[in-house]
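So that the names make sense, note that chain A is the first sequence line, chain B the second, and so on, each numbered from 1.
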Number of protein chains: 2
Amino acid sequence: MSNVCFAYVHVREAISQQIIEQHLTGSLPSERELCATYDVARSTLRQALGQLEHMGLIYRKNRSGWFVCPRKLKYDPMQHTSFLQYTTAQGFQPSTKLVEQKKQKPCKEIAAALELDARTSLTSILRVRSVDGRAVVVENLNFSNKHLPDIDKHDLSLSISILLKNTYHQHDVLYDVTVESCCLFNPIAQLLDTYDGALGLKVTRIVRDKDGIAFEFDREFWRHDALMIENKAKLHF
Amino acid sequence: MSNVCFAYVHVREAISQQIIEQHLTGSLPSERELCATYDVARSTLRQALGQLEHMGLIYRKNRSGWFVCPRKLKYDPMQHTSFLQYTTAQGFQPSTKLVEQKKQKPCKEIAAALELDARTSLTSILRVRSVDGRAVVVENLNFSNKHLPDIDKHDLSLSISILLKNTYHQHDVLYDVTVESCCLFNPIAQLLDTYDGALGLKVTRIVRDKDGIAFEFDREFWRHDALMIENKAKLHF
DNA sequence: GCCCCTTTTTGGTATGTACCAATTGGTGGG
DNA sequence: CCCACCAATTGGTACATACCAAAAAGGGGC
């Protein structure tokens with residue numbers, strides 16, 4: 001049936017079957033141990049593990065071994081439901097850690113996306129969000145101070161969607177979201193407890209008010225194995 | 001500034017800069033040649049090339065070397081615009097090859113998604129779509145014969161969205177789309193002219209009529225470096 | 001029982017070598 | 001000029017080995 005002429009394919013399928021049949025949970029044996037089990041060189045084993053990682057079956061915590069992936073989080077970037085809301089609804093224990101908050105001038109990418117000139121002030125926050133103790137996404141949110149006066153005076157560790165709705169009366173907004181495959185490099189990789197060059201999914205979001213004026217620019221760097229993007233809509237022709 | 005203590009990081013950054021500054025176009029030199037250039041072992045070089053591949057900067061055609069990636073296709077899976085339409089609008093030359101068309105019973109996954117019993121007949125097609133001569137996505141479309149009578153009698157190599165609209169009067173439909181990172185295995189990898197275990201993005205789509213009855217189940221396997229998913233919407237709170 | 005220090009294990013990086021099969025490029029014959 | 005055949009190149013697979021630094025495990029003292 002399947003392609004078993006190569007050693008790494010054999011190892012890959014053997015381990016993946018172990019995981020799917022749930023004979024393997026939590027952490028995997030050490031690499032040298034697995035080499036002995038399957039009688040392959042360590043580089044061959046690591047090739048197999050790398051593919052299992054790409055499949056989203058296993059992941060590695062920086063320098064401390066391989067682990068079976070928990071189930072994926074379902075996430076709809078077009079919805080304004082909060083992280084707390086959709087994670088708990090799926091039975092996860094969410095947590096958020098604010099890494100940094102500052103006022104700064106926009107970089108080129110943001111200036112272009114928000115159509116700002118380079119001197120406009122932005123309130124920028126960086127935070128790491130985890131489910132069940134595992135860091136899954138690094139978020140970088142940027143708010144235009146011009147369009148959201150005194151936004152930096154509020155507590156941005158609370159729900160920002162509620163703040164926008166109640167304080168700034170943003171009831172009708174335009175979302176412009178992109179999703180693409182990416183690589184996670186330091187220092188973002190470190191915040192996600194993974195390695196420089198790990199695989200990720202990058203979600204960017206431009207939020208505009210009802211007149212089309214952009215006031216928010218977000219970048220989300222997800223562990224590639226942590227989420228499944230979900231999107232429901234009614235279409236008319 | 002950046003992390004340059006390791007050889008593979010050095011090679012990665014050197015080649016990526018070459019590409020970004022456009023000193024490198026089309027195909028890369030052979031691996032052994034690059035080893036000599038950067039004075040590293042082949043496995044180290046291949047580690048660097050692998051990460052550049054994950055970044056979407058380079059790709060490999062099955063056994064015939066490394067190439068600089070063309071620009072990404074922008075794609076909105078929530079829109080009913082045709083492949084022909086959105087690729088040409090972005091300046092690409094699209095083409096589609098029908099690989100297989102058959103009537104069959106649903107597999108477990110499809111039966112569950114469409115809420116069909118295992119004896120219902122499905123019309124299933126498999127096709128490969130390319131832009132500028134490069135295969136970018138393998139599509140597997142499945143239509144319920146029960147809900148779309150005689151769908152297999154039509155020419156499914158033409159636009160199916162027009163067929164649904166004009167012949168089956170599906171003007172109001174519900175889309176249920178998911179996107180996730182995946183691995184491309186044979187035989188799909190071969191259709192995309194890539195290798196077993198290559199990185200991909202999997203898009204699944206369930207289409208329902210206005211009463212919520214599912215009549216179509218699609219799976220799209222994209223080269224991870226070929227697309228950027230784009231999604232615009234107006235939201236109200 | 002808890003904490004600190006040492007030892008061992010282990011993942012991350014790196015090299016060199018080897019063989020095979022597919023592709024490519026070149027050569028010669030029709 | 002084209003096609004068929006052959007040789008050289010090249011990517012894909014595989015192994016053995018080595019070293020380092022971080023993490024985990026173990027042991028000893030309080």
Between [X] and [N], is there a side-chain N or O to OP1/OP2 distance below 4.0 Å?
X	N	result
A:R32	C:dT9	no
B:R42	C:dA18	no
B:R60	D:dG11	no

Start at the 5' end of DNA chain D and walk down; is the nucleotide closest to A:S43 or to B:N62 reached first? B:N62

Most 5' of A:D39 and A:R63 on DNA chain D, judged by nearest nucleotide: A:D39

Stem list for DNA chain C, please, built from Watson-Crick and G-U wobble pairs under 3.5 Å and keeping only runs of at least 3. C:1-30 with D:1-30

Drop me the distance from A:H224's NE2 to B:H224's NE2, to the nearest 0.5 angstrom. 11.0 Å

Testing A:F83, A:F92, A:W222 for ring pair (Phe, Tyr, Trp, His ring centres under 6.0 Å) with A:Y75, which one passes? A:W222

Checking all strands, does A:Y195 fall into the base, sugar-phosphate, or nothing category for heavy-atom contacts under 4.0 angstrom? nothing

Give a yes or no on this: more than 12 heavy atoms of other residues, nucleotides or ligands lie within 6.0 Å of atom CD of B:Q104. yes

Does A:R60 make a cation-pi contact with A:Y195, if we ask for NZ or CZ under 6.0 Å from the ring centre and within 45° of the axis? yes

Does a side-chain N-to-carboxylate-O contact under 4.0 Å join B:R205 and B:E220? yes

